[in-house]
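Following: one structure in structure tokens, then a few remarks.
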Amino acid sequence: MKILFKIIWIINFLFLFLNISGQDTVNLKDEVSMRENVDFKGQASVWLNINPDVDFPVYAGLRYIPEISYNVNVKNNKLIDFEASLNSYGSAGLQAFDSLHSEGDIKPYRLWCRYSSNQFEIRFGLQKINFGSATMLRPLMWFDQLDPRDPLQLTDGVWGLLGRYYFLNNANVWLWGLYGNKKPKTWEIGNTNQECPEFGGRFQIPIPKGETAVTYHYRLADTREMDSTISAIPEIPESRIGWDGRWDIGIGLWMEGTWICKSKNIGKFTNQEILNAGLDYTFNIGNGLYTVVEHLIFSYDENPFAFSNTMSFSGTSLSYPLGMFDNLGAILYYDWKNRNVYSFANWKRQFNKISLYFMAYINPEKYQIPMQGEKGTLFSGKGIQIMFVYNH
């Protein structure tokens, strides 16, 4: 019922928008230049995971994401476009050939409409919102769950309204309002109170040899469904402030940070500080070895910037093209507090419309990398995974 309500909400917004647009001097038929386009595409994937260290050593799954898009080119370089896609998936785990666990779902993946010009866009509905300079350990991973090890780069979207304006000097400003996203998003402690919308914005400007940006987000947190160690409070004003900068000085350098502050005391989770520094460079070895190195420090504190409950991770990503159709990759994480190493390797073979991935990993059985989504539990222990992906 909630999904149906959101779909009806979007349809009503479309009719309202078209009615308002039609109140100028011409009707829609006069304004549209008859350049319309409908596109249907999809992505089907199937995978097999073998891991003797988990409850279900053999796990298999399949997923299909159909997507339909429609756009209308309007006079004066204006565009109206729509996108709708579904995430339909199922998986099953087998244990010792006598126990079976299965799950599956069909849910909206993207469902949005957009009005845009050369320098402006406004997008409404279920969409992906992401930003920042870091790639592996991201303090600004506020609204997505992108995992660098995931070949499909899947992430759930958020329901909301996003506007962006791009200045001629490459500066840009973002404004957003979110509503109907109850579950905790990345780095959030507690659910979001459903009676109050969230809102925020981002301002990015060019600087010598790079760019920098400040970001802000506000919501009302709800901790009533958290465990007993956290005070159960239905309305906690929460402000989130982020900063990031990136420079290209022969090598790529970036810094990124977030401070999350709740206005009511809930113990050590009242304040969160998350900092990242990283670099990337392509070494002139063979076909080119692309390397990313990042270091993350995060802390949960009752008092701001006390850094009394800290953890730190370092990450390295390597990518090497063997040729036009093959690529080797590896990702390593190191947990400095628990002295654990997380390793992941991937070989990709690209055919015409089919991609083949062979992945192997050696990780601790207790997975502690922060905010890595569903892949964290799947990649615990030691195992291999094979994935076929078909795009049409």
Please indicate whether N338 has more than 12 foreign heavy atoms, meaning atoms of other residues, nucleotides or ligands, lying under 6.0 Å from its CG. yes

Would the Y357 and W47 ring centres measure less than 6.0 Å apart? no

Restricting to side-chain hydrogen bond (donor to acceptor under 3.5 Å, both in side chains), what partner residues turn up for T270, sequence neighbours left out? none

If the condition is ring-ring contact (aromatic ring centres under 6.0 Å, His included), which residues does F283 pass it with, not counting sequence neighbours? Y281

Is it true that the side chains of Y290 and D280 contain a donor and an acceptor less than 3.5 Å apart? yes

N363 and Y333: side-chain donor and acceptor closer than 3.5 Å? no

Kindly say whether the aromatic ring centers of F199 and Y218 come within a distance under 6.0 Å. yes

Only residue of R219, K185, R240 satisfying side-chain hydrogen bond (donor to acceptor under 3.5 Å, both in side chains) with E198 is K185

Between K264 and E235 (side chain of the first, backbone of the second, donor and acceptor by atom type, cut-off under 3.5 Å), is there such a pair? yes

Taking atom CZ of F388 as the centre, report whether more than 12 heavy atoms of other residues, nucleotides or ligands fall under 6.0 Å from it. no

Please enumerate all residues that pass side-chain contact (heavy atoms from CB on, under 4.5 Å) together with L162, with sequence neighbours excluded. R123, Q127, I129, R164, W174, W176

Under the 3.5 angstrom rule, does the side chain of E256 hit a backbone N or O of D244 as a donor-acceptor pair? no

Within 6.0 Å of CD in E195, more than 12 heavy atoms from elsewhere: no

Counterpart residues, side-chain hydrogen bond (donor to acceptor under 3.5 Å, both in side chains), relative to Y70 (two or more places apart): E36

Do other residues, nucleotides or ligands put more than 12 heavy atoms under 6.0 Å from the CD1 atom of I384? yes

Regarding N87 and R63, do their side chains bring together a donor and an acceptor under 3.5 Å, going by distance alone? yes

Atom CZ of F203 with >12 non-hydrogen neighbours under 6.0 angstrom: yes

Partners of N391 by side-chain hydrogen bond (donor to acceptor under 3.5 Å, both in side chains), sequence neighbours excluded? Q43

Side-chain H-bond candidate by donor/acceptor type, N265 with E302, under 3.5 Å: yes

Does Y109 reach the main-chain N or O of T155 with its side chain, forming a donor-acceptor pair under 3.5 Å? yes

I need the E294 CD to L137 CG distance, nearest 0.5 Å. 5.5 Å

Least distance between heavy atoms, I189 atom then Y300 atom: CD1-CE2, 4.1 Å

Residues in salt bridge (Lys or Arg N to Asp or Glu O under 4.0 Å) with K348, at least two apart? none

